[in-house]
Student: 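Got a structure for you, questions after.
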Amino acid sequence: MGNTITSEIQFQIQLDENRVPEKLSWTAPDGGVENEEAKAIMLSVWDSKTQETMRIDLWTKDMPVDEMKVFFHQTLVAMADTYHRATADERMTDTMKDFCDYFAEKLELKK
């Protein structure tokens with residue numbers, strides 16, 4: 001077995017007295033990211049033993065709704081791209097992208 005490499009991504013979440021996120025930041029040294037501010041985080045982790053997706057969805061209380069809509073749209077588009085890279089399933093990828101277009105249209109994100 002060859003040498004293994006470990007890479008780390010860290011999230012810092014500053015909470016208010018009600019445990020609502022006030023500030024989010026992240027660091028990913030291998031990606032050149034150091035204590036970068038964020039307004040929202042969506043993280044999905046696959047648990048193979050339980051066959052379930054574990055999720056962490058956080059956003060700061062000052063995240064504007066219009067930005068949240070764009071964040072969701074871009075996340076959905078990225079998921080369609082990732083799905084295609086992982087499965088090479090053109091038909092379902094096209095269906096997912098059609099939904100992304102519909103989502104953007106209904107939210108009036110594309111002008």
Side-chain angles (χ1 to χ4, degrees):
M1 198 183 295
N3 294 339
T4 60
I5 298 171
T6 300
S7 184
E8 190 170 286
I9 300 171
Q10 294 179 327
F11 295 99
Q12 291 288 116
I13 296 96
Q14 189 176 73
L15 306 171
D16 68 10
E17 64 279 353
N18 296 314
R19 302 189 59 80
V20 175
E22 285 189 319
K23 285 182 113 180
L24 302 172
S25 63
W26 66 295
T27 298
D30 288 353
V33 178
E34 182 67 37
N35 203 29
E36 195 71 33
E37 186 178 338
K39 293 286 183 190
I41 297 169
M42 286 189 203
L43 178 66
S44 298
V45 178
W46 179 248
D47 184 330
S48 190
K49 286 182 234 150
T50 62
Q51 296 287 293
E52 293 178 330
T53 301
M54 310 309 245
R55 294 185 16 229
I56 298 172
D57 301 323
L58 299 172
W59 58 93
T60 61
K61 54 185 169 185
D62 66 342
M63 171 81 169
V65 172
D66 60 329
E67 288 183 25
M68 182 62 88
K69 291 176 181 181
V70 173
F71 177 59
F72 262 85
H73 177 256
Q74 290 179 3
T75 300
L76 291 169
V77 171
M79 288 175 65
D81 291 340
T82 301
Y83 179 81
H84 184 260
R85 282 195 319 274
T87 67
D89 184 340
E90 297 280 346
R91 200 171 107 209
M92 187 51 68
T93 299
D94 290 344
T95 300
M96 291 171 73
K97 288 191 175 191
D98 286 345
F99 173 75
C100 292
D101 290 342
Y102 173 79
F103 186 91
E105 178 186 321
K106 290 299 178 185
L107 292 179
E108 299 178 351
L109 297 179
K110 292 185 178 180
K111 308 239 182 286

Student: Going from CG on L76 to CZ on F71, what distance comes out if it is rounded to the nearest 0.5 angstrom?
Tutor: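 Spacing of CG (L76) from CZ (F71) equals 10.0 Å.
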Student: Are side-chain heavy atoms of K61 and M63 found at a separation under 4.5 Å?
Tutor: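 No - every pair of side-chain heavy atoms lies 4.5 Å or more apart.
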Student: Show, in sequence, the C-alpha distance, side-chain angles and deciding distance for E17 and R19, and conclude whether the salt bridge (charged side-chain N to carboxylate O under 4.0 Å, His left out) test is met.
Tutor: CA-CA 5 Å; E17 64 279 353; R19 302 189 59 80; over 6 Å; no
Student: Residues two or more places apart in sequence or in another chain: which of them pass salt bridge (Lys or Arg N to Asp or Glu O under 4.0 Å) with R55?
Tutor: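 Salt bridge (Lys or Arg N to Asp or Glu O under 4.0 Å) check on R55 returns D57.
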Student: Measuring only between side-chain heavy atoms, which start at C-beta, is L15 closer than 4.5 Å to V20?
Tutor: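 Heavy-atom side-chain distance check fails, nothing below 4.5 Å.
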Student: Do S25 and N35 get their side chains close enough for a donor-acceptor pair, meaning under 3.5 Å?
Tutor: yes
Student: Do M79 and I41 sit in the same hydrophobic cluster, where Ile, Leu, Val, Met, Phe, Trp and Tyr count as joined when their side-chain heavy atoms come under 4.5 Å apart?
Tutor: no
Student: Would V45 end up clustered with I13 when hydrophobic side chains under 4.5 Å apart are linked, directly or stepwise?
Tutor: yes
Student: Measure the spacing between NE2 of H84 and CD of E90 and express it to the nearest 0.5 Å.
Tutor: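 Output value for this atom pair is 3.0 Å.
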Student: Which pair of non-hydrogen atoms, one from D47 and one from M54, has the smallest distance, and what is that distance?
Tutor: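 In terms of heavy atoms, the two residues are closest at CB-CG, 4.4 Å.
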Student: To the closest 0.5 Å, what do you measure between OG1 (T27) and CZ (F11)?
Tutor: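 Output value for this atom pair is 9.5 Å.
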Student: Other than Y83, what residues sit in its cluster of Ile, Leu, Val, Met, Phe, Trp and Tyr side chains whose heavy atoms are under 4.5 Å apart, directly or through others?
Tutor: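 For the cluster that includes Y83, the remaining residues are M92, M96.
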Student: Is a side-chain donor or acceptor of D16 paired with a backbone partner of N18 at a separation under 3.5 angstrom?
Tutor: yes
Student: Are there over 12 heavy-atom neighbours, none belonging to F72, within less than 6.0 Å of that residue's CZ?
Tutor: no
Student: In sequence, state the C-alpha distance, the side-chain angles, and the governing distance for K106 and E108, and then conclude on side chain to side chain contact (heavy atoms under 4.5 Å, CB included).
Tutor: CA-CA 5 Å; K106 290 299 178 185; E108 299 178 351; over 6 Å; no
Student: What is the distance from atom OG1 of T93 to atom CZ of R85, rounded to the nearest 0.5 Å?
Tutor: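 The distance works out to 10.5 Å.
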Student: What do you reckon, is NZ of K39 surrounded by more than 12 foreign heavy atoms closer than 6.0 Å?
Tutor: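 More than 12 within 6.0 Å, yes.
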Student: Decide yes or no for W26 and V33: does some side-chain heavy atom of the first lie under 4.5 Å from some side-chain heavy atom of the second?
Tutor: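 Yes, close enough: below the 4.5 Å cut-off.
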Student: Taking side chain to side chain donor-acceptor pair (under 3.5 Å) as the cut-off, I'd like each qualifying pair that reaches into residues 66-81, sequence neighbours left out, listed once.
Tutor: D81-K97
Student: Any chance CD1 of I56 has more than 12 other-residue heavy atoms, nucleotides or ligands included, within less than 6.0 Å?
Tutor: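 No, because the 6.0 Å sphere around CD1 of I56 holds 12 heavy atoms or fewer from other groups.
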Student: Is the closest side-chain heavy-atom distance between M42 and W59 below 4.5 Å?
Tutor: no
Student: If Ile, Leu, Val, Met, Phe, Trp and Tyr residues are connected whenever their side-chain heavy atoms lie under 4.5 Å apart, and connections chain through other members, are I9 and L58 in the same group?
Tutor: yes
Student: With a 4.5 Å cut-off on side-chain heavy atoms, are Q12 and L24 touching?
Tutor: no
